[in-house]
There are 2 protein chains.
Amino acid sequence: MPFESRRRARDEKREAVLRTAVALFLEQGYHGTTLNHVAERLNITKPALYNYFRGKDEILYECWAIGADHVDERIDDIAATGGTGLEKLRKLIVSYAETMTTDYGKSLVRFDVRDLTEHNRKIVGLAKKKIDQAFRDYIGQGIKDGSIRPCDVKLSAFAIAGSLNWIGHWYQPGGALEAEAIAKEFAIRLTEGLAIKSIRKKADKPPIRKRKSRGVSG
Amino acid sequence: MPFESRRRARDEKREAVLRTAVALFLEQGYHGTTLNHVAERLNITKPALYNYFRGKDEILYECWAIGADHVDERIDDIAATGGTGLEKLRKLIVSYAETMTTDYGKSLVRFDVRDLTEHNRKIVGLAKKKIDQAFRDYIGQGIKDGSIRPCDVKLSAFAIAGSLNWIGHWYQPGGALEAEAIAKEFAIRLTEGLAIKSIRKKADKPPIRKRKSRGVSG
DNA sequence: ACTTTTTATTACCCGTGGGTAATATACGGA
DNA sequence: TCCGTATATTACCCACGGGTAATAAAAAGT
């Protein structure tokens, strides 16, 4: 079956280009990375890249699309799930945080939409909107079902998304903190102020007992 | 006194260039903005800019420096103040959030350090480190003095800084939310999970009392 | 009014880097 | 072995934009 194997070989190369490109874009910045750099690291020459992509901005767009798709899938998963708004929100936080520790996830927050074509910029804009909307929806649901205390939905969504997006700027594999651990920790920490039932982890160093540590929340 | 008036006139023009440049950099992106654009908006020509700046990257650096100075001053103010770690942390959040609603503040998070010279990049790096350190210090102090419950200082600082930095990406004057209001809201919201004594605002619909909200942490 | 200094303009340079045309090489199929 | 297709290379184009040299206009000093 040469059809298939050939097609697969092609796709693998395409992916290799993307992996290399996104890594370089993150290392050196999109404008600091030339197509020659990308090609060089792949041990090919620049024009060879044009067998797989229409141009530099399309490569950038594909990175973005992969990251967005990744989150999108998880959103669909969560939407299909049951549970309170708070539970859904926590799931989304975990998924999004984990995505932010990957190169393609970082694409979502480290690159500039203005480097895309008008057309692709719109697509990216919609994807971002969907993600933002998911955060707001779950917070809104949580307020309705009583799992989240009343608050400004928009502002809360911004606050949470901001923390998560920031992960894409500071996280690097091999650091002190593992991706999964970060995700779990953030899911709790970012919803502490919102949740009606407090769920302190045992893992936390228990607060010093001397102090009159009164009950949490009003 | 032509000495002074002349000097002032020059400084005013310099500032005008910076204001125009930072606005354009934010609108169109640093790489999407040419010096011709900047000059055009000021009704002068490109080479005239070189009377005030050595080059494009120096303009970028100055924007950054103004933003960083702004935060730095507030940090020094706060350091001179008394109060618990939590109080200091809240003050810092307010100051930082407000800074993030200004053009120069946005510079701190919207531009890429890699567009600076090696030298300036180091300076910026130090300034950022100082800000990050302030967040960590205050959280650490808060834990010591009992105003903040024990937690991972680094991670908490990241979470807070992330939310605040994100403001620089979504805030635009004239929106539904006023800068000061955002700052105050964030100061509360971002410390809700950390604070030992909860300070729910009366403005919020009070949380439903039915639930057995047990004491904090194990 | 004349000179000097500052500030601005016109005209130009040129490195960079995305993108392309022409061409060679490797590979699958008959 | 030959052909066709896919993939790669070499050599090149050229628009863009940061930066500069030469020069003019404006303002300050005397």
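Note that the structure is a prediction, hence the values are computed from the model and not measured. In what follows, chains carry the letters A, B, and so on, assigned in the order in which the sequence lines appear, proteins first and then strands, with residues in each chain numbered from 1.
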Asks: Take atom NE2 of B:His31 and atom P of D:dG18, then tell me their distance rounded to the nearest Å.
Replies: 10 Å
Asks: Would you indicate which nucleotide in D:dG19, C:dT20, D:dT9 comes nearest to any side-chain atom of B:Tyr50?
Replies: D:dG19
Asks: If I take atom CG in residue A:Asn36 and atom C1' in nucleotide C:dG18, what distance separates them, rounded to the nearest angstrom?
Replies: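 The answer, rounded to whole Å, is 9 Å.
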Asks: Nearest-nucleotide wise, let me know which of A:Tyr52 and A:Lys46 is further upstream toward the 5' end of DNA chain D.
Replies: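 Taking each residue's closest nucleotide, the earlier one in sequence belongs to A:Tyr52.
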Asks: In terms of side-chain heavy atoms of A:Thr34, which of C:dG19, D:dT9, C:dG17 is nearest?
Replies: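 Taking heavy atoms from C-beta onward, the closest nucleotide is C:dG17.
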Asks: What I want to find out is whether B:Lys184 reaches B:Glu180 closely enough, with some N-O distance under 4.0 Å, to be called a salt bridge.
Replies: yes
Asks: Whole Å only: how far is the CD atom of B:Glu40 from the C1' atom of D:dG17?
Replies: 14 Å
Asks: Aromatic ring centroids of A:Phe158 and A:Phe135 under 6.0 Å?
Replies: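 No, too far apart.
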Asks: Output the rounded distance in Å from CG (B:Asp57) to P (D:dG18).
Replies: 11 Å
Asks: Do A:Asp112 and A:His31 have side-chain N/O donor and acceptor atoms under 3.5 Å apart?
Replies: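 A:His31 and A:Asp112 do not have a side-chain donor-acceptor pair below 3.5 Å.
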Asks: Please list, chain by chain and in numerical order, all residues satisfying salt bridge (charged side-chain N to carboxylate O under 4.0 Å, His left out) with B:Glu12, sequence neighbours excluded.
Replies: none
Asks: Whether the A:Arg41 and A:Thr20 side chains hold a donor-acceptor pair (N or O, under 3.5 Å, no angle test) is what I'd like checked.
Replies: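 Judged by distance alone, the side chains do not pair up.
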Asks: Report yes if a side-chain nitrogen or oxygen of A:Thr45 is closer than 4.0 Å to either non-bridging phosphate oxygen (OP1 or OP2) of D:dA8; otherwise report no.
Replies: no
Asks: Rounded to the nearest Å, what distance is computed from the CG atom of residue A:Asn51 to the P atom of nucleotide C:dA26?
Replies: 16 Å
Asks: When you measure from the side chain of B:Lys56, which nucleotide among C:dT20, D:dG18, D:dA8 comes out closest?
Replies: D:dG18
Asks: Is the distance between the ring centroids of B:Tyr30 and B:Phe25 less than 6.0 Å?
Replies: yes
Asks: Please report, rounded to the nearest Å, how far the C1' atom of C:dT6 is from the CZ atom of B:Arg14.
Replies: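 For the pair B:Arg14 CZ and C:dT6 C1', the rounded distance is 16 Å.
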Asks: Between C:dA21, C:dT9, C:dT7, which nucleotide has the shortest distance from any of its atoms to the side chain of A:Pro47?
Replies: C:dA21
Asks: Write down the distance between CZ (B:Arg10) and P (C:dT5), rounded to a whole number of angstrom.
Replies: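 Interatomic distance, CZ of B:Arg10 to P of C:dT5: 16 Å.
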Asks: Decide, yes or no, whether a salt bridge links B:Lys88 with B:Asp77 under the criterion of side-chain N to carboxylate O below 4.0 Å.
Replies: no
Asks: Which of the following nucleotides, D:dG19, C:dA8, C:dG18, is nearest to the side chain of A:Leu35?
Replies: C:dG18
Asks: Could you tell me the separation between the CG atom of B:Leu60 and the C1' atom of D:dG18, rounded to a whole number of Å?
Replies: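 Rounded to the whole Å, the gap is 14 Å.
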Asks: Give me the bend of the helix from C:dA1-D:dT30 to C:dA30-D:dT1, using the axes of the five pairs at each end, rounded to 10°.
Replies: 10°
